[in-house]
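As structure tokens, the structure follows; a few thoughts come after it.
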Amino acid sequence: MRHTLICFLGFVLLAIDGFGQNSPDCRSAIPVCADEPLTWVADGSGAIDDFDPDVIRQTGCLEKGSVGSANIENNTSWFVFRAGTDGQIGFDIEALPVNPGGTITAEWDFALYGPDVDCASISNGSAQPIRCNYEVNDTRYTGVGVNPENGQEGAPFVKGSQNTYDEWVDVQAGELYYLLINNYNTNFDGDAESYVLTFTGSSVDADQNNALDCTLRDEFLGLDIIACSGDPDIVLSALNSPAGPDIANVRWSVDIDLDGTPDTELLSGPSAFFLTVTSPNTGRYYVEIETTAGGTITDDILIIFYGVPGPVRVDTLSDLSDSNDVEIVVLGGGSYEYSVNGSSFQDSPIFRDLPPGENSLVVNDKNGCGTTEPIPFLVIGYPKFFTPNGDGINDTWNVQGLQALADPVVFVFDRYGKLLKQLDETSPGWDGTFNGRQLPASDYWFRLEYGRVEGSEVTENVLRSHFSLKR
């Protein structure tokens, strides 16, 4: 459990009198609430790190806005907030000059995601903004609700409208939202820019201290992170704590075994403000901050790295019975969905009534960490009938998928038990004849003897069933 052991006043003073530490990464978005205006500094040039570039350039107001050549991620900040009450929420983003009394050079824009989405869905484009404004601003304000500078009411996004405000958001208590703030089309030299973020709306007017859940702000390292192997580094910041810069010492550690106890100290010192977590170092990361006032603040965050789905096993559930059912087993942790023979992806790993013979499987990691190449697998089964009439369709009968068995042999009998044909994995199948003579339409029986490899052992198996010859 995350907890804070000193008073909350330090953060409020930091928000009013100083600058908050910026986070350019959705995964380490800074938890905020509505109790005071927040002043922030953002720097860095755009590299589309937070989005799949092939998706973000195709759809939505993030793609272009009104300026097609502008950069998507420039002087970027990410925040996360949770609604504390039901009602209406908005916000104002006010551009500030780089130096007091100087010229405003930033033009801030935003995208708001929610409710209850995650950074992976935002990145891959499956979650689209519910409010988004990348239009050219003619005031120093942009946001959701009403522009305090000129009284402009928020309106639905229309590309090229130069409407700097979007409509209010109706929220319910407990809903989680992510907010991207971006300097869209000015100052591409990477210089830092500052702004004030102020939450507004009927919820804030009614109860400023509870309109957004301020307990979320105690989790200053951000919400737990699911990442992919090979993702960019994740930077955790102690400066986002309620202590702000009033830090005497910082100690970072990690619980690699995820048993609830930190087992490795990583970094410590009076200036150890940041910890960089690289792929694929899964663990729960802890920080302990000693403040100049003599207090202690702690927080922790779980970071899990997933890769492309690992080794895949296909288990047969109904061994040559009336239906051919399989279960897909993916070794290793992850959240997966499955497609067989080009079907739509499904969450269940069980597929029923598959055709006998070779099938094709694709496994997709739902965290966006990769999709397997098509994996061929065999389903052992047999046709319930065949029609040896020379038309090239169902002219022979055989047990399909014998290649997956050890030393398979198939014996075909008539109803009186007379052996008519013996088949193995190399046989083309039975054509419905015996000693060159066509046999009549009827039911015929077969016995399959085979071995199944289970671990380091081969078990002997026998299956008996029947099928029909139709003419």
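Just so we're clear, the structure is a prediction, and the values are computed from it rather than from any experiment. Only heavy atoms go into these numbers, but all of them, side chains included; no hydrogens, no water, no symmetry mates.
- Remark: the backbone N or O of Ala173 is paired with a side-chain donor or acceptor of Asp86 at under 3.5 angstrom.
- Distance OG/Ser360 to CZ/Phe377: 7.5 Å, rounded to 0.5 Å.
- Atom CD1 of residue Ile30 and atom CG of residue Asp25 lie 11.0 Å apart, to the nearest 0.5 angstrom.
- The closest side-chain heavy-atom distance from Tyr336 to Ile328 is not below 4.5 Å.
- Looking at every heavy atom in both residues, Ser339 comes nearest to Gly342 through OG-C, 3.7 Å.
- Nearest heavy-atom pair across Glu193 and Asn183 is CG-ND2, 3.9 Å.
- Heavy-atom neighbours of Asp395 CG from other residues, nucleotides or ligands within 6.0 Å: above the threshold of 12.
- Residues Leu402 and Tyr450 are not in side-chain contact: their nearest non-hydrogen atoms beyond the backbone lie 4.5 Å or more apart.
- Judged by distance alone, with hydrogens and angles left aside, the side-chain atoms of Asn124 form a donor-acceptor pair with the main-chain N or O of Ala120 at under 3.5 Å.
- Considering only heavy atoms from C-beta on, Phe199 comes within 4.5 Å of Val32 through its side chain.
- Closest non-hydrogen pair, Tyr178 versus Asp118, comes out as CE1-CA, 4.5 Å.
- Between Phe446 and Trp430, a ring centre-to-centre spacing not shorter than 6.0 Å is recorded.
- Ser237 places a side-chain N or O within 3.5 Å of a backbone atom of Leu239 that can act as its donor or acceptor partner.
- Under a 3.5 Å cut-off, the side chain of Ser279 and the backbone N or O of Gly230 do form a donor-acceptor pair.
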Working note: Ser343 + Asn341, criterion side-chain hydrogen bond (donor to acceptor under 3.5 Å, both in side chains); need CA distance, chi angles, decisive distance, verdict.
CA-CA 6 Å; Ser343 63; Asn341 299 332; over 6 Å; no
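- Using a cutoff of 4.0 Å between basic side-chain nitrogens and carboxylate oxygens, Lys366 and Asp347 are scored as salt-bridged.
- Thr282 contributes a side-chain N or O that, together with a main-chain N or O of Phe305, makes up a donor-acceptor pair within less than 3.5 Å.
- For the atom pair Thr396 OG1 and Ile393 CD1, the distance stands at 12.5 Å (nearest 0.5 Å).
- Between Leu112 and Phe91, the closest heavy-atom pair is CD2-CE2, 4.2 Å.
- For Phe345, the CZ atom sits in a packed shell: over 12 heavy atoms of surrounding residues, nucleotides or ligands are nearer than 6.0 Å.
- Between the Thr264 side chain and the Val254 main chain, no donor and acceptor come within less than 3.5 Å of each other.
- Donor-acceptor pairing under 3.5 Å is recorded for the side chains of Asp424 and Ser427.
- Here the OG-CZ distance, from Ser77 to Phe110, works out to 14.0 Å after rounding to the nearest 0.5 Å.
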Kindly determine whether Leu216 and Leu176 satisfy side chain to side chain contact (heavy atoms under 4.5 Å, CB included), including the steps that lead there.
CA-CA 10 Å; Leu216 183 67; Leu176 195 73; 4.2 Å; yes
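- At least one side-chain heavy atom of Leu258 sits less than 4.5 Å from a side-chain heavy atom of Leu302.
- Residues Val329 and Asp315 form a side-chain contact, since some pair of their non-hydrogen atoms from C-beta on lies under 4.5 Å apart.
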Test side chain to side chain contact (heavy atoms under 4.5 Å, CB included) on Leu221 and Tyr285 and set out the steps.
CA-CA 9 Å; Leu221 291 182; Tyr285 291 82; 5.7 Å; no
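- The minimum heavy-atom distance between Ser268 and Arg251, with the atom names listed, is CB-CA, 4.1 Å.
- Put simply, the side chain of Asn398 never gets that close to the backbone of Gln400: no donor and acceptor are under 3.5 Å apart.
- Between the Asp365 side chain and the Asn367 main chain, a donor and an acceptor come within less than 3.5 Å of each other.
- Glu175 and Tyr177 share a side-chain donor-acceptor pair at under 3.5 Å.
- Looking only at distances, a side-chain donor or acceptor of Asp299 sits under 3.5 Å from a matching main-chain atom of Phe220.
- Minimum interatomic distance between Gly370 and Asn364 (heavy atoms only, all atoms of both residues): O-OD1, 3.5 Å.
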Do Ile181 and Ile93 pass the side chain to side chain contact (heavy atoms under 4.5 Å, CB included) test, and can you show the C-alpha distance, the side-chain angles, and the key distance before you say yes or no?
CA-CA 9 Å; Ile181 297 178; Ile93 304 168; 3.8 Å; yes
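- Residues Pro440 and Arg471 have side chains not in contact (no heavy-atom distance under 4.5 Å, counting atoms from C-beta outward).
- A distance of 8.0 Å separates CG of Leu212 from OG of Ser203, quoted to the nearest 0.5 Å.
- At least one side-chain heavy atom of Val326 sits less than 4.5 Å from a side-chain heavy atom of Leu354.
- Between atom CG of residue Leu38 and atom CG of residue Leu197 there is a gap of 5.5 Å, rounded to the nearest 0.5 Å.
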Decide side-chain hydrogen bond (donor to acceptor under 3.5 Å, both in side chains) for Thr76 and Asn182; before the verdict, give the C-alpha distance in whole Å, the side-chain angles of both, and the deciding distance to 0.1 Å.
CA-CA 5 Å; Thr76 297; Asn182 188 88; 2.9 Å; yes
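- A salt bridge between Asp255 and Arg284 is absent, with no side-chain N of the basic residue lying under 4.0 Å from a carboxylate O of the acidic one.
- With a 4.5 Å cut-off on side-chain heavy atoms, Glu460 and Glu449 do not count as touching.
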Using side chain to side chain contact (heavy atoms under 4.5 Å, CB included), reason through Val399 and Leu423 one step at a time and then give a plain yes or no.
CA-CA 9 Å; Val399 176; Leu423 307 169; over 6 Å; no
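- Looking only at distances, no side-chain donor or acceptor of Asn324 sits under 3.5 Å from a matching main-chain atom of Asp353.
- Using cut-offs of 30° and 60° for the angle between ring planes, the Trp397 and Phe467 rings count as parallel.
- Under the 3.5 Å distance criterion, with hydrogens and angles disregarded, a donor-acceptor pair is assigned to the side chains of Asp443 and Ser468.
- Taking the six-membered ring for Trp and thresholds of 30 and 60 degrees, Phe79 and Tyr195 have ring planes more than 60 degrees apart, a perpendicular arrangement.
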